[in-house]
Number of protein chains: 2
Amino acid sequence: MSQGHTDVTDQAETVDPACPVVEVLDRVAGKWAVGILVAAAKGPVRFTELERQVEGVSRRMLTLNLRKLEREGLLVRTVHPTVPPRVEYECTPMALELYETLLSLVSWAERHAVDIAHAHLVYDTEHAAPAESPERASRARVPATR
Amino acid sequence: MSQGHTDVTDQAETVDPACPVVEVLDRVAGKWAVGILVAAAKGPVRFTELERQVEGVSRRMLTLNLRKLEREGLLVRTVHPTVPPRVEYECTPMALELYETLLSLVSWAERHAVDIAHAHLVYDTEHAAPAESPERASRARVPATR
DNA sequence: CTGCATCCGCCCGGATACTG
DNA sequence: CAGTATCCGGGCGGATGCAG
């Protein structure tokens with residue numbers, strides 16, 4: 001049991017001395033983690049609720065990410081001892097702060113959405129293009145000859 | 001050639017209607033992308049230079065991420081037509097803005113470093129613990145009975 | 001020096017079935 | 001309802017070799 005696939009729930013995380021940003025991103029790296037955070041940011045959410053809202057996530061990955069986020073101290077899991085069982089996940093203050101920070105990323109993305117789209121277009125064009133003008137067929141910028 | 005493994009260079013990216021954050025993160029998701037950005041933030045960097053600074057990245061992944069970042073319009077590739085060839089990668093203004101934003105993430109990480117570490121400790125303890133006190137061995141918080 | 005192509009192992013993550 | 005366990009395919013990414 002101590003082997004097999006580790007999934008997102010990597011207990012032994014690889015440290016990256018380069019910079020702490022990587023660490024943060026690695027935590028939220030999960031394709032679903034952010035979605036979960038967003039869904040939970042508005043208030044306590046039930047398991048099935050998440051399964052619907054995040055939508056696209058499998059039960060497995062949902063649970064996995066939930067556990068991970070809980071471990072990170074970003075979510076609090078509350079079990080209501082009722083029948084049928086009722087479990088709610090709630091963002092911690094820390095998570096809400098992170099959420100606010102993520103918003104600045106969104107801001108960045110929105111501000112440069114067109115730039116990025118344009119960049120894609122240019123890159124793809126200059127790249128997929130087999131050959132047009134014999135001169136200047138290379139995709140890279142060349143510095144002023146000096 | 002038109003098939004096989006797609007790697008990081010996924011041209012056809014999956015759209016996530018949930019929120020734009022995911023998009024941004026997916027762009028920088030590459031374990032190495034951030035490292036590259038950081039290295040390039042200080043100024044134009046050569047290929048081999050990156051290979052050393054990021055350190056841990058294979059030539060393959062480096063190239064792949066470089067291409068991706070270039071496509072995103074975050075890096076500018078400049079080829080100096082000399083011999084031996086000299087290629088430099090430089091952050092675009094847009095990338096530098098992103099870099100600044102990422103710094104706020106670092107700030108968050110630093111502010112809550114201890115909280116996170118503590119959360120890990122608690123979670124791991126309450127979880128790895130096979131059994132100690134017969135009562136209250138469950139890891140979840142239970143809400144006040146009401 | 002810079003970069004692409006191929007091979008290939010390994011992990012990620014989806015599907016399914018079963019438990020409390 | 002809320003998970004856990006198992007199977008298993010796909011692609012992610014390292015290693016290597018070759019080209020400009």
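Predicted model, so just to flag it, every value in this text is computed and none were measured. A, B, ... follow the sequence lines: proteins, then strands. Residue 1 opens every chain.
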Kindly list each side-chain donor-acceptor pair under 3.5 angstrom involving residues 44-51 of chain A, sequence neighbours excluded, with atom names and distances?
from	atom 1	to	atom 2	distance (Å)
A:E49	OE1	A:R52	NH2	3.3
A:E49	OE2	A:Q53	NE2	3.4
A:E51	OE2	A:R59	NH1	3.0

Notebook entry, point to check: Considering only heavy atoms from C-beta outward, does the side chain of A:I36 approach that of A:L75 to under 4.5 Å?
Noted result: yes
Check: A:R77 CZ to D:dA2 P: how many Å, rounded?
Finding: 10 Å
Next item on the list: Consider the side chain of B:P84, meaning its heavy atoms from C-beta on, and name the nucleotide among C:dC1, D:dC1, D:dT4 that approaches it most closely.
Entry: C:dC1
Check: C:dA15 P sits how many Å from A:R60 CZ, rounded?
Finding: 12 Å
Next item on the list: Please state how far atom CG in A:N65 lies from atom C1' in C:dG14, giving the value in whole angstrom units.
Entry: 14 Å
Notebook entry, point to check: Is B:E55 atom CD crowded by more than 12 heavy atoms from other residues, nucleotides or ligands, each under 6.0 Å away?
Noted result: no
Check: Taking CD from A:E51 and P from D:dA2, how many angstroms apart are they, rounded to a whole number?
Finding: 9 Å
Item checked: Which residue lies more 5' along DNA chain C, comparing A:R59 with B:E49 via nearest heavy atoms -> B:E49
Notebook entry, point to check: To the nearest angstrom, how far is A:L66 atom CG from D:dC1 atom P?
Noted result: 16 Å
Check: What integer distance in Å separates B:L64:CG from C:dC4:P?
Finding: 9 Å
Next item on the list: Between C:dG20, C:dC1, D:dG14, spot the one nearest the side chain of A:P85, thanks.
Entry: C:dG20
Checklist line | Rounded distance in Å - CE (B:M61) to C1' (C:dC11) | finding: 14 Å
Next item on the list: For B:E97, check salt bridge (Lys or Arg N to Asp or Glu O under 4.0 Å) against everything at least two apart and list the hits.
Entry: A:R111
Next item on the list: Give a yes/no answer on whether the side chain of A:T63 brings an N or O atom under 4.0 Å of OP1 or OP2 in D:dA2.
Entry: no
Item checked: Atom-to-atom span, CG of B:L62 to C1' of D:dG14 - whole angstrom -> 13 Å
